[in-house]
Asker: 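This is the structure, below, for whatever I ask next.
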Amino acid sequence: MLQYLIVQLCDTSTSYCHYENPSRTPRLISLEDLNAGILFAMKENLMIQFVYPDEELPLSYKKAVDSIDHNTIVSSLCEDQNLVAEADIVIFHEWTGLDYFAFNMEQAYVLRTSKDDFFDRYAQLKWVFPRVKRFNIVFTDIESFSEDDYKHYKKILNHLSENIEKLLIEGLPIQFNLLTDRLTLSTMNNCNAGWKTITLAPNGRFYPCPAFYFDDDSLIGDVHKGLEIKNPQLYSFDYAPICRHCDAYQCKRCVWLNKKLTLEINTPSHEQCVISHLERNASRKILKNSNLKKEMKDLSEIPEIDYLDPFDVREQWDFELLQQELIKFHKENY
Amino acid sequence: MDNIKDSAKGWREEESKNVTFIVTKDCQLICKYCYLVGKNTHERMPFETAKQSIDYLLDTPEFSSEPAVVFEFIGGEPFLEIDLIDKICDYIKTQLFVKNHHWFNAYRFSFSTNGINYHTKKVQDFIKKNYSHISIGITIDGTQKKHDLNRIYKNGKGSYDDVLKNIPLWLEQFPGAGTKVTISSADIPYVCESVLHLYSLGIEEVNINCVYENVWKEGDDILFENQLMKLADEIIDNNLYKKYSCSFFSTKIGKPVNVLLENHNFCGAGKMLSIDAAGNFYPCTRFAQYSLRDKKAIIIGDMHKGIDKNKLRPFLTLDRFTQCPRECLECEVAGGCGWCSGENYDAAVSATIFQRSMANCLMHKARVRANNYYWNKLYRKLEIEGISENEIASQCIHHNKIC
């Protein structure tokens, strides 16, 4: 069921996820389409998230945006620094600037980084963690992870997990997507593009997420004619054979990356699975800390597994999970 | 006792890797039901492409782990490129020996041909040279009327006479060989007479199936059912079931499918590998561009970079539950109702292999009804003839080939 509408206000709206925004020329969504999008969200009961460009919006757009309760996603480099200070989610596209940014405990932050930059500069995060409530890392080059990179990533996660563990025991409510999300999840919690979230692009058309606007022709409707999602079930977790058998619940499960790397929106790449499992296992290690268990009693165990990619053990997938799916299927359809 | 003729299994069917070389996209014929929409005269595989692809496969243990291999040569019409095929096969044999590969002496060269060039010296020399490692199927569609309805030359002339003249030589060289027959809407009135005609030519095994494309007209299912029942009567009343088989009749079809036990995909797309003239790799020939009407080809690698394992993941996890609509999962006669992942992809409303086409639903149900009729009639006849229940059951267990 749809819950969120992301509105890409301009062709140059900041990227907040794995995709790059190649546009350099600002082209705002038309005011007519913006208002139609807001109306659509009101009628469908969707929470709007506006994604801003770095350039300041005209007054008429500001008025339209303010006509509905919404979340604001903005780049740290936006011209309108008042907007940055008030935004719900602030996006960093590079590590430079992190160490003198005025973090705010009310905001969430996303750092888009290449794997190599992360490997070189991850120690900076120790300075950031005590200053934020939520900090997300998004890799812009997941497909380039190699076997050696996995080993390196595992080491870094273990290193950062010691820091996170310490902060949690001290009572600081830090949320760091790579390590703490899995601690509190008992079911998949992913980006859900095309399933719970859709995007209205500056051309007035709907896409599963902004990445598809830049990279693909996967239209799913038009703000004036309505939604038309083809094979909508394939965006859901139930119709993803690998993900159905997975408990790396914090995985981004990015449908755009799935499509790009495997050609199917419901099938994650090997790299996506391994990275998510390394994070899952690092979370498991945090959970084993007995002091933390005392602090956070509601946390569930994360079982030990001997694989990093569920695809590699597909011959062992048991019938039980499928049976659960079938029972659910019958409940939903009869 | 051998009361019911069993369909033959393919060579080491369960344990072999299938590698297909699309040696040419040219063919003498322009069959009306052919799914190859992009046939042409210029895409011919260079030997170097085949060589590099073979080197990659034989040097990549991960993709040659099966105990045996079937190298299939298709077109268009493969025998238009018999010189190239001969050279490729020589190279394969040499490399299997040189590399001391476990496929040495566990390989097969397989051909589906229109049969027109079968008698030529070059083809015959090739057959003699590789005889113990060859499977060849000639496609003849039945009576001249049915065959020439679809299988025509570019000038519109039917090809029946040119194929027929090669059937005796083929059967002499490959006794018990089967033929493939394809049914489209216009062929339905000729199903019964065509199968009987093929039997009369000495072809003991007729593998017959309806095209997977959505070609059917209203009422085709009833016509088809009537044809199959007529065929059932002919086969049973004339005791043809003792010597001949027809894949339309099987004890395995028409039962409910337990998704928990049979959740696998119907075909082997992704487990096999198809290679085109440019050295691109496909999960099956049906995903090459010349096979697709509306979608982009799915290329899973090439001879230079090898196989992109990420692009294989959807194929190797494609299951019944995820791709079938509710109606199919709940269908009480789903057993034996097949699908082609390539056609599913081509017909899907979005670019996915996870949407099963239901174009054949009514035709399958018609086949199930006729199949039930066939077995009920045959069991009763055998009972009356004094064949014990156990013997009948034992025969039927073996008679489980599904086309």
Side-chain angles (χ1 to χ4, degrees), chain A residues 142-143 194 208 216-220 228-246 257-274 309-315 317-330 332-334, chain B residues 62 65 256-265 269-271 280-283 287 292 294-301 305 307-330 341-342 344-345 347-358:
Chain A
I142 276 186
E143 64 273 30
D216 197 89
D217 56 358
S218 299
L219 279 180
I220 55 169
E228 192 196 351
I229 306 179
K230 290 167 180 170
N231 281 316
Q233 77 283 2
L234 296 180
Y235 290 95
S236 80
F237 163 72
D238 294 343
Y239 285 82
I242 296 176
C243 306
R244 252 194 340 242
H245 296 88
C246 179
L257 271 180
N258 288 355
K259 180 80 176 167
K260 183 180 167 192
L261 299 178
T262 72
L263 305 180
E264 290 286 349
I265 54 174
N266 67 347
T267 307
S269 66
H270 174 68
E271 293 81 1
Q272 172 82 85
C273 288
V274 174
D309 182 353
F311 176 84
D312 294 339
V313 292
R314 62 191 182 281
E315 303 298 335
W317 289 346
D318 56 23
F319 293 140
E320 206 176 303
L321 278 166
L322 182 63
Q323 205 155 20
Q324 286 167 14
E325 291 305 315
L326 285 172
I327 290 165
K328 197 172 152 200
F329 171 82
H330 278 268
E332 282 171 5
N333 291 287
Y334 295 96
Chain B
E62 202 179 342
S65 57
V257 169
N258 183 339
V259 184
L260 295 177
L261 299 175
E262 295 179 62
N263 192 32
H264 49 76
N265 191 26
K271 290 175 187 158
N280 290 319
F281 295 165
Y282 304 91
F287 289 91
L292 295 165
D294 296 321
K295 297 286 194 316
K296 282 185 198 161
I298 293 188
I299 297 174
I300 56 164
K305 294 181 197 152
I307 292 171
D308 178 346
K309 287 191 272 183
N310 274 332
K311 295 204 169 64
L312 268 185
R313 288 162 74 91
F315 289 94
L316 300 181
T317 54
L318 180 60
D319 60 13
R320 181 183 287 267
F321 175 75
T322 312
Q323 69 183 300
C324 286
R326 188 181 70 180
E327 194 177 335
C328 295
L329 291 175
E330 294 297 312
S341 289
N344 285 353
Y345 170 65
V349 296
S350 63
T352 181
I353 58 171
F354 286 89
Q355 185 197 338
R356 182 177 169 185
S357 161
M358 290 180 67

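Note on naming: letters A, B, ... go to the chains in the order of the sequence lines (proteins, then strands), and numbering restarts at 1 for each one.
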Asker: So, B:Ser350 and A:Asn231: side-chain donor and acceptor under 3.5 Å apart, yes or no?
Answerer: yes

Asker: Hey, could you give me the CG/CG distance between B:Asp308 and A:Leu261, rounded to the nearest 0.5 Å?
Answerer: 8.0 Å

Asker: What are the two closest non-hydrogen atoms of A:Asp238 and B:Phe321, and how far apart are they?
Answerer: O-CE2, 4.1 Å

Asker: Let me confirm one number: the CG-CZ distance from B:Leu316 to A:Phe311, rounded to the nearest 0.5 Å.
Answerer: 4.5 Å

Asker: For the CD atom on B:Glu262, are there more than 12 heavy atoms of other groups (residues, nucleotides or ligands in this structure) within a distance under 6.0 Å?
Answerer: yes

Asker: Does B:Lys295 have more than 12 heavy atoms from other residues, nucleotides or ligands lying within 6.0 Å of its NZ?
Answerer: yes

Asker: Enter the distance from B:Asn310:CG to A:Glu271:CD here, rounded to the nearest 0.5 Å.
Answerer: 4.5 Å

Asker: Side chains of A:Trp317 and B:Thr317: does their closest heavy-atom pair fall under 4.5 Å?
Answerer: yes

Asker: Look up atom CZ in B:Arg313 and atom CG in A:Asp309, then write down how far apart they are to the nearest 0.5 Å.
Answerer: 4.0 Å

Asker: Checking side chain to side chain contact (heavy atoms under 4.5 Å, CB included) against B:Lys311, which of A:Thr262, A:Thr267, A:Leu263 comes through?
Answerer: A:Leu263

Asker: Below 4.5 Å from any heavy atom of chain B, which atoms of A:Asn258 appear? Answer side chain, backbone, both or neither.
Answerer: neither

Asker: Less than 4.5 Å to any heavy atom of chain A: does that hold for the side chain of B:Ile300, its backbone, both, or neither?
Answerer: neither

Asker: How many angstroms lie between CD in A:Glu264 and CG in B:Leu318, if you round to the nearest 0.5 Å?
Answerer: 8.0 Å

Asker: To the nearest 0.5 Å, what is the distance between CZ on A:Arg314 and CG on B:Asp319?
Answerer: 12.5 Å

